[in-house]
Amino acid sequence: MSTKITPKQNYELTRQQIGYVDRRIATPEDYRRIGFKSGLEVHQQLATKEKLFCHCPCGVFQKNGDYDAEVIRHMRPAMSELGGYDGTALMEFKTRKNIIYRINNETACTYEVDDTPPFKINPEALEIALKISLLSKLNVVGEVHITRKQYLDGSIPTGFQRTAILGVNGHIQLRNKKVNLIQLSIEEDSCREIADVGHERWYKTDRLGMPLIETVTAPELVTPDELREAAEYIRFLNRSTGLVRTGMGAGREDVNVSCRGGSRVEIKGVAHNKWIPELSHNEAFRQWALLHIRKLLLERITKEKWQPRHMELDPHEFKFTYLLLVECKEKKHKIIAINIPEFKGFLSHFTQPEQVFADEISQRLKVIACIEKPNMIHSEQEDVLISDHDFATIRTKMGAKNKDAQIIIWGPEEDIETAIETVIERCEMIFDGVPNETRKSFADGTTIFERVLPGADRMYPDTDSCPIPLSDEYIERLGKDLPQDISKRIELLSKWGVPEDAFHFILSKNIYPIIDEICSRFLFDPKRVAIFFGHTYKNIVGKQKAHTDFNYRKLVGLFKFIHEQGLHINIAKYLLPILYQHPSMEFNSMLTALKFKKRSLEELAAPIDFLAEKYRDIRKTDEQDDAANWIMGQLHKQAIGNIELRDLREIIDKRLQ
């Protein structure tokens, strides 16, 4: 076997060996082949005035530098009653992070930093969450019990989140299958991260404590597109109440993914549902790639015989030219070489698009040892940062064999021990397959390591909060004022003949009730009204910023005016841009701006013969359609708002026969 690994060739070879396919051409059979399995945890902020357990305002967001005080905290793990430590707590403790909270007096109080017991749960938030539970076909609990869920990433100053299960065992109806819901909980939102550099992480507390619901599906989604459909359905369901917040960060998904033989990996805080298919696709194949590495490794060596070695490198002994290694002399940082037995070919093994197994190690070095990237060099990377001579010397000194791989790391002396442990630990994990972990998502569909996945036993009763009984009468009252099921709305849109590309906008903006009101009050064709909103209105929203006084009620007023004036609905398209920018303008003035004049069908048809004669003088072809199109173009603007355009076209065609 050659002693030289060609990284690009190995990347492509291993990519082919695991059978990776681009998501755009992947088929359901590809996902069955790797045993794709996934579920969702959908988080949605509720549109309340106050936070969940205090009276601070919701929806008031500050800039990063707008704060009145800072609180600094550190992670110190404590042994549980069963005599063990939580893996996440141990990992966070290793980082030796300073967690810095920037507090603004307008949006935070002593409750947020655990200096004051909680107030009673916000009744407005509880009512909204219960309505959504009923919409989700969940069995609502008879009594609400507030619990504490350990939150060990630093995003909540107390180290725990108050949460309560409100409903269990529900379901949603997708296009081709029913998906079970495990539960719905109400809980506090966490802080917003500002930055995470080295041993310091900053948060701001304006979002902390805002009411949030979490809807958890069963792991029954077997393709990435099915996964997105479920996420969209829950999003539409939540928004159909009109009682939840919208906008960036108001709704977020945690996507749980595994493949056959893999483990549950949580892709945390996915902000856009359109990212979900690519992220889940790549995560399933990442796990499939890790299992392939495990198979090849076990063919070479067992875990018991695997013995990595490391040694400190004296920068005076080597002619390093790589700047970060050269700087180690001045900074008095240590440089460590680690020999990884039998790992040749694995560091450049494909894991995700444009990522290899070495990236798995580098990402953990950044998170756990707090050594910022670039933080390592390895024997299989494309860029030559250390000469072949220096690498050969390092291999000789460590007694490396032909199939061994080498990694070189550097950093402050106080971080090096953790860094060595992190490298060896991540390599050792591959013997067991896929580690449970939380990963951060990116728009290109790839992920990076974020932290160890918390253990299952992370909840315990909150002794500061009393149980809240829910009477049958109260639940029945809430159930009488629920919006129509999303599946029913989709069914009706299909029945009306509305193009499917209009569904998403209508449901995500909760426009369906407006369409229903317009059609029932003014007797317009539902298909036409839905297309107006799903295409025409969507187009203007995407291109222009609305006036601050514009809202959906203005659109209801528009259709009321069209109905009362006996105008044709096609004029709505031309009045909309004016209304969008000038919502206080009188509708009659808008007609004047359009130079609209009410005409009968006879008046509109009167010039057809004259126009036909004129066309004969200027025509370039003898085609009847060309003549009809030209005449239609002359009369089109006058016909808008007066008649159905196809009726005018029929008259023109008959006159030209």
Side-chain angles (χ1 to χ4, degrees), residues 43 45-46 48-62 64 66-81 85-86 88-93 95-123 125-126 144-165 185-196 199-214 269 451 454-455 457-468:
H43 301 86
Q45 291 177 351
L46 306 181
T48 59
K49 295 178 181 178
E50 297 181 348
K51 293 186 178 182
L52 193 56
F53 288 106
C54 71
H55 297 310
C56 290
C58 285
V60 178
F61 300 112
Q62 279 101 22
N64 293 348
D66 184 11
Y67 62 97
D68 299 302
E70 285 187 341
V71 174
I72 301 177
R73 294 201 163 166
H74 312 276
M75 173 62 68
R76 287 183 174 84
M79 187 177 289
S80 72
E81 295 86 345
Y85 290 97
D86 183 272
T88 307
L90 290 175
M91 189 212 83
E92 293 292 343
F93 179 61
T95 67
R96 299 184 294 108
K97 287 277 190 185
N98 292 321
I99 309 296
I100 305 165
Y101 302 97
R102 291 183 171 176
I103 299 171
N104 185 292
N105 292 337
E106 183 185 6
T107 56
C109 64
T110 51
Y111 167 72
E112 268 83 3
V113 291
D114 204 24
D115 280 353
T116 304
F119 289 81
K120 288 184 178 179
I121 193 169
N122 184 334
L126 181 61
V144 178
H145 290 264
I146 311 298
T147 60
R148 297 182 182 187
K149 182 195 293 183
Q150 289 182 349
Y151 240 75
L152 304 174
D153 62 358
S155 62
I156 297 183
T158 60
F160 65 84
Q161 175 193 61
R162 284 187 168 91
T163 180
I165 295 173
S185 304
I186 188 169
E187 56 193 30
E188 303 171 283
D189 209 342
S190 56
C191 294
R192 291 197 290 165
E193 186 178 301
I194 297 171
D196 185 356
H199 291 282
E200 293 190 326
R201 186 184 300 148
W202 290 266
Y203 289 103
K204 52 185 173 182
T205 57
D206 50 5
R207 191 181 75 181
L208 178 64
M210 287 177 60
L212 190 76
I213 57 168
E214 179 190 58
R451 64 184 57 89
D457 300 324
R458 56 190 293 222
M459 293 180 67
Y460 51 98
D462 178 34
T463 54
D464 291 328
S465 304
C466 297
I468 307 166

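In this structure the side chain of Asn122 never reaches within 4.5 angstrom of the side chain of Phe53, judged on heavy atoms. Contact annotation: the side chain of Val60 never approaches that of Asn104 to less than 4.5 Å [non-hydrogen atoms, C-beta and beyond]. The shortest distance between side-chain heavy atoms of Ser190 and Gln161 does not fall below 4.5 Å. Under the 4.5 Å side-chain criterion, counting only non-hydrogen atoms from C-beta, Leu52 is not in contact with Arg162. In this structure, the side chains of Lys120 and Ile468 stay at 4.5 Å or more apart for every pair of heavy atoms. Met210 places none of its side-chain heavy atoms less than 4.5 Å from the side chain of Thr107. Cys54 places none of its side-chain heavy atoms less than 4.5 Å from the side chain of Thr116.
Taking Tyr67 as the reference, Glu70, Arg102 meet the side-chain contact (heavy atoms from CB on, under 4.5 Å) condition, with sequence neighbours excluded. With sequence neighbours excluded, no residue forms a side-chain hydrogen bond (donor to acceptor under 3.5 Å, both in side chains) with Thr205. Among residues two or more places apart in sequence or in another chain, the side-chain contact (heavy atoms from CB on, under 4.5 Å) test is passed with Arg96 by His199, Glu414, Asp415.
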**Request:** Could you walk me through whether Lys204 and Asp66 pass salt bridge (charged side-chain N to carboxylate O under 4.0 Å, His left out), step by step?
**Result:** CA-CA 9 Å; Lys204 52 185 173 182; Asp66 184 11; over 6 Å; no
**Request:** Could you give me the CA-CA distance, side-chain angles and deciding distance for His43 and Asp189, then say whether side chain to side chain contact (heavy atoms under 4.5 Å, CB included) is met?
**Result:** CA-CA 9 Å; His43 301 86; Asp189 209 342; over 6 Å; no
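Rounded to the nearest 0.5 Å, atoms NZ (Lys51) and CD1 (Ile121) are 15.5 Å apart. Note that CD of Glu193 and CG of Asn64 are 11.0 Å apart. Values are rounded to the nearest 0.5 Å. Note that OH of Tyr151 and NZ of Lys149 are 6.0 Å apart. Values are rounded to the nearest 0.5 Å.
Pairing each heavy atom of Thr163 with each of Ser185, the nearest pair is OG1-CB, 3.8 Å. Of all heavy-atom pairs between Gly154 and Ile99, the closest is O-CG2, 3.7 Å. Taking every heavy atom of both residues into account, Ala164 and His145 meet most closely at CB-O, 3.5 Å. Asp464 and Pro118 get closest at one heavy-atom pair: CB-CD, 3.6 Å. Looking at every heavy atom in both residues, Glu106 comes nearest to Gln62 through OE1-NE2, 3.6 Å. Nearest heavy atoms, Asp206 versus Phe61: OD2-CA, 3.3 Å.
When atom types are taken as modelled, the side chain of Arg192 and the backbone of Arg207 share no donor-acceptor pair closer than 3.5 angstrom. Put simply, the side chain of Arg73 never gets that close to the backbone of Tyr101: no donor and acceptor are under 3.5 Å apart.
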